[in-house]
Amino acid sequence: MKDKQGHISFVGAGPGAPDLITLRGAARLAAADVVIYAGSLVNEKLLETAPRAVFCNSALLALPDVLELLVSHYRAGRRVVRLHTGDPAMYGAVSEQYRELDRLGIPYEVVPGVSSVFAAAAALKTELTMPGLSQSVILTREAGRTPVPESEALGKLAAHGTTLCLFLSVADLSGLAGRLLAAGRPATTPVAVVYRASWENEQIVRGTLADIAEKTVAAGIKRQAMIVIGEVLSRNGDLSRLYDRNFTTGYRHGTDSRGGFRGRVALMALTRRGVWKAAEIAAGLEDATLILPEKFRAGAPAMRLETYPDGDFAAAFRAAWPRFDGLVMVMAAGIVVRQLAGVCADKKHDPAVAVCDEAGNYAVSLLSGHVGGANALATDVARITGGRAVITTASDVRHYPAWDEFAARRHYRIEPPESLTMLASAMLEEQPVELEMPRGVFEEEFAGLPFCRLVREREDGVIIIRTGGRGWTLRRERFALGVGCRRGVSAARIAAVAERVLERHGVRRDEVAVIASAEVKKDEAGLTEWAASWGRELRLFPAAALNAVAVPNPSAAAERHLALHSVSEAAALLAAGPSGRLVVEKTADADVTVALAAFPAPDEGGEEHV
Ligand code: SAH
């Protein structure tokens, strides 16, 4: 007779607290017919979550008996959970069980768990890897009934100076400390012993190699403990560079002025692999929406997702075109080029378009490289995927600054912008260029170009460029900051959000000429106090005026509470006057929203003859 088919799961139960099992592990328990659990370090409260199961404590069994149970229940068509403490991969004695099941051709799955080493680190509130102290962790044990290979003797491992975590080794702590001292680890090395991490009777003993053994014995701890050794326990490492503003990971832009792409991005893909790549890229961008065929809805792991009927790609592309500042197309370039034919207008209005292959090897800046930011977008995409940005605009290929992009990025205004074409071609000819600008800007942007010279430093918001007997003036924009907030928010909180948004977009506080909000906020103490502390006029607009302004991001919350479509965007636009432009769309941070509009150009500026 053919065997009925059951199901075998090896499940990591976690370190002890019953809610530290994974969701998948919990689901396996809930459905289990049989649970074989490993002794005293699996919390029996977990067994209550397996209402249908019969239980068996494997501490009382020899390995062949455990195997026998697994196999017979499986063949009887039952769902069997083999529950291990922590994660099965650490000292779980699972390999012999896997091997035997493989030999019998019986399938099984392994569900990981939170190992006691991580529960101990959590109890100690320590990071096991700290820059400047240790960037590696050795997970090991002292020999017991199970021998440890000679090449892994503790003295040898200790020589690395890394963080050490020892399982199954608390019984002879003084011997252990002695071996580490003999290996040259200083007596002052911090050590912590965590007994039953995450259990109700968890206990922590801290000391040094010199005194930990004595302290642990005094605490009565003889087993069921994790030993953590290393300078990381002192927490005196260097600060992590991951959150350093000047350090750029795939997922966090440095806020240096060269910045990444800013704006709303749509990502489109047409194949399963493409969808996953698009989702990976989306997770690394500040404001990204996935737009996919309906058939991928279920599989797409994105927070912001829109779908269109399968087969309607062309229509979906045309619909997305005017709605986004940037499009990242994860597909063959040819498909994209055919779509572009119908929609592109000019480089001042078209969104940035970047194309990326499914593997993420290349990110091609296809359209609106400078002004639209496609070069920056392609560069961002390449950084996230670890691929290469493909940039073809002449000034970038030759590493000359692109003036239009420079001005937009640094919030300068050139009027009329068309006159820049001459300047750009002067640069391509490598004619000498004289510059008047802030020294910091010169050094970041132009210092590497031999034909560019800083002839005068100026900090008055004006940049002068001279080449070939002609000159151009760029003027820093002035801004209106629109703010919305929940009732009762403090001045300090509003200041913090506003400052962060300004910094992110490279705008200085003194360039904010006015602060604006809604009239219903006139008694909002935090708001008025903050505006006063910045020494700015607070302009408040009535509901009728605010609601007459068209904004890109209407606010559901403002609509509900104040019957206003928008506060921050509408107020910023009203304050900047009739030809003001929204330069930073609404940025919401829980209780405060901020938007930034630029005032219209003054009459002066633009090309000058000198
Ligand atoms: N697979 C388990 C380890 C099994 S070996 C895991 O990943 O955690 C058993 C050893 O693990 C114990 O001797 C002890 O050193 C450690 N251990 C298990 N649970 C623990 C807990 N809650 N607190 C501290 N140490 C624990």
Side-chain angles (χ1 to χ4, degrees), residues 9-22 24-25 28-29 35-47 57-59 61 63 66 81-98 109-126 128 137-148 152 154 157 163-177 180 191-207 212-213 215-217 219-230 233:
S9 296
F10 290 84
V11 174
D19 57 351
L20 284 179
I21 192 169
T22 65
R24 187 181 297 177
R28 295 297 181 268
L29 275 181
V35 177
I36 307 171
Y37 64 101
S40 58
L41 278 168
V42 169
N43 194 328
E44 297 202 349
K45 280 198 186 136
L46 270 177
L47 305 182
N57 183 345
S58 65
L61 300 175
L63 181 66
V66 173
V81 169
R82 174 79 175 104
L83 199 55
H84 283 273
T85 78
D87 185 278
M90 290 310 298
Y91 306 109
V94 279
S95 51
E96 48 265 60
Q97 303 175 59
Y98 298 165
E109 66 167 357
V110 182
V111 180
V114 176
S115 173
S116 58
V117 64
F118 300 118
L124 294 167
K125 299 193 173 67
T126 194
L128 298 175
V137 183
I138 293 179
L139 306 182
T140 185
R141 60 169 296 173
E142 288 261 76
R145 268 180 299 165
T146 310
V148 171
E152 295 174 22
L154 193 58
L157 299 181
T163 306
L164 289 170
C165 298
L166 288 109
F167 294 73
L168 297 160
S169 303
V170 80
D172 177 23
L173 205 45
S174 68
L176 185 153
L180 291 175
V191 184
V193 171
V194 185
Y195 171 73
R196 288 172 75 89
S198 87
W199 291 73
E200 277 170 21
N201 58 345
E202 169 187 299
Q203 210 178 327
I204 296 176
V205 179
R206 289 180 189 267
I212 191 69
K215 286 182 168 176
T216 304
V217 169
I221 298 172
K222 297 184 218 45
R223 51 197 286 273
Q224 298 188 338
M226 176 65 53
I227 307 166
V228 180
I229 302 170
L233 290 167

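Here the structure is a predicted model, which is why all the values come from computation and not from measurement. Note that ligands are numbered from 1 as they come in the structure, with each ligand's atoms numbered from 1 the same way.
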Original post:
Does the S169 side chain pair with the main chain of F167, one donor and one acceptor, at a distance under 3.5 Å?
Top reply: yes
**OP:** Classify the angle between the aromatic ring planes of H84 and F10 as parallel (below 30°), tilted (30 to 60°) or perpendicular (above 60°).
**Re:** parallel
Subject >> Interfacing atoms of ligand 1 (cut-off 4.0 Å, heavy-atom, P15) >> reply: 22 (N)
Subject >> atom 19 (N) of ligand 1: nearest protein contact (heavy atom, Å) >> reply: S116 CB, 3.4 Å
Original post:
Hey, is T85 touching ligand 1 through its side chain, its backbone, both or neither, going by heavy atoms under 4.0 Å?
Top reply: both
Original post:
Closest non-hydrogen protein atom to atom 14 (C) of ligand 1, residue and atom name please, with distance?
Top reply: A225 O, 3.4 Å
Subject >> Side-chain (W199) to main-chain (P15) donor-acceptor, under 3.5 angstrom >> reply: yes
Original post:
Does an N or O from L166, backbone or side chain, lie closer than 3.5 Å to an N or O of ligand 1?
Top reply: no
Original post:
Would a distance-only check, ignoring hydrogens and angles, find a side-chain to backbone donor-acceptor pair under 3.5 Å from S9 to V11?
Top reply: no
Subject >> ligand 1 contact by G92, heavy-atom criterion under 4.0 angstrom >> reply: no
Original post:
Which of the numbered atoms in ligand 1 are below 4.0 angstrom from a heavy atom of M226?
Top reply: 24 (C), 25 (N)
**OP:** Establish, yes or no, whether the cationic atom of R82 lies under 6.0 Å from the six-membered ring centre of Y37 and within 45° of the ring axis.
**Re:** no
Original post:
Closest non-hydrogen protein atom to atom 5 (S) of ligand 1, residue and atom name please, with distance?
Top reply: Y91 CB, 3.8 Å
**OP:** Within a distance under 4.0 Å of any heavy atom of L41, pick out the atoms of ligand 1 and give their elements.
**Re:** 18 (C), 19 (N)
**OP:** Determine whether any heavy atom of H84 lies closer than 4.0 Å to an atom of ligand 1.
**Re:** no
Original post:
Just heavy atoms, cut-off under 4.0 Å: does R223 contact ligand 1 by side chain, backbone, both, or neither?
Top reply: neither
**OP:** Using a strict cut-off of 4.0 Å, indicate which atoms of ligand 1 neighbour a heavy atom of Q224.
**Re:** 24 (C), 25 (N)
Subject >> Pairing of E109 and R24 as salt bridge, 4.0 angstrom limit >> reply: no
Original post:
Under the 3.5 angstrom rule, does the side chain of S116 hit a backbone N or O of A119 as a donor-acceptor pair?
Top reply: no
Original post:
With no hydrogens and no angle check, is any side-chain donor or acceptor of R206 less than 3.5 Å from a backbone partner on L124?
Top reply: yes
Subject >> For D87, atoms of ligand 1 separated by under 4.0 Å from a heavy atom >> reply: 1 (N), 6 (C), 7 (O)
**OP:** Report yes or no: does K222 contribute a side-chain atom to a donor-acceptor pair with the main-chain N or O of V170 at less than 3.5 Å?
**Re:** no
**OP:** Answer yes or no: is there a donor N or O on one side and an acceptor on the other, between the side chain of S198 and the main chain of A17, under 3.5 Å?
**Re:** yes
Original post:
Counting from 1, what ligand 1 atoms have a heavy atom of S115 closer than 4.0 Å?
Top reply: 6 (C), 7 (O), 8 (O)
Original post:
Under 3.5 Å between some N or O of ligand 1 and some N or O of A197?
Top reply: yes
**OP:** If you have a sec, work out which protein heavy atom is nearest atom 11 (O) of ligand 1 and how many Å separate them, to one decimal?
**Re:** F167 CD2, 3.4 Å
Original post:
So do the side chains of L46 and L29 get within less than 4.5 Å of each other, counting heavy atoms only?
Top reply: yes
Subject >> Heavy-atom nearest option to atom 13 (O) of ligand 1, drawn from L168, V194, L20, L139 >> reply: L168
Original post:
Of all the non-hydrogen atoms in the protein, which one sits nearest to atom 3 (C) of ligand 1, and at what distance?
Top reply: M90 O, 3.5 Å
Original post:
Which of the atoms of ligand 1 are close to W199, meaning less than 4.0 Å from one of its heavy atoms?
Top reply: 22 (N)
Subject >> Side-chain touch I221/Q203, heavy atoms, less than 4.5 angstrom >> reply: yes
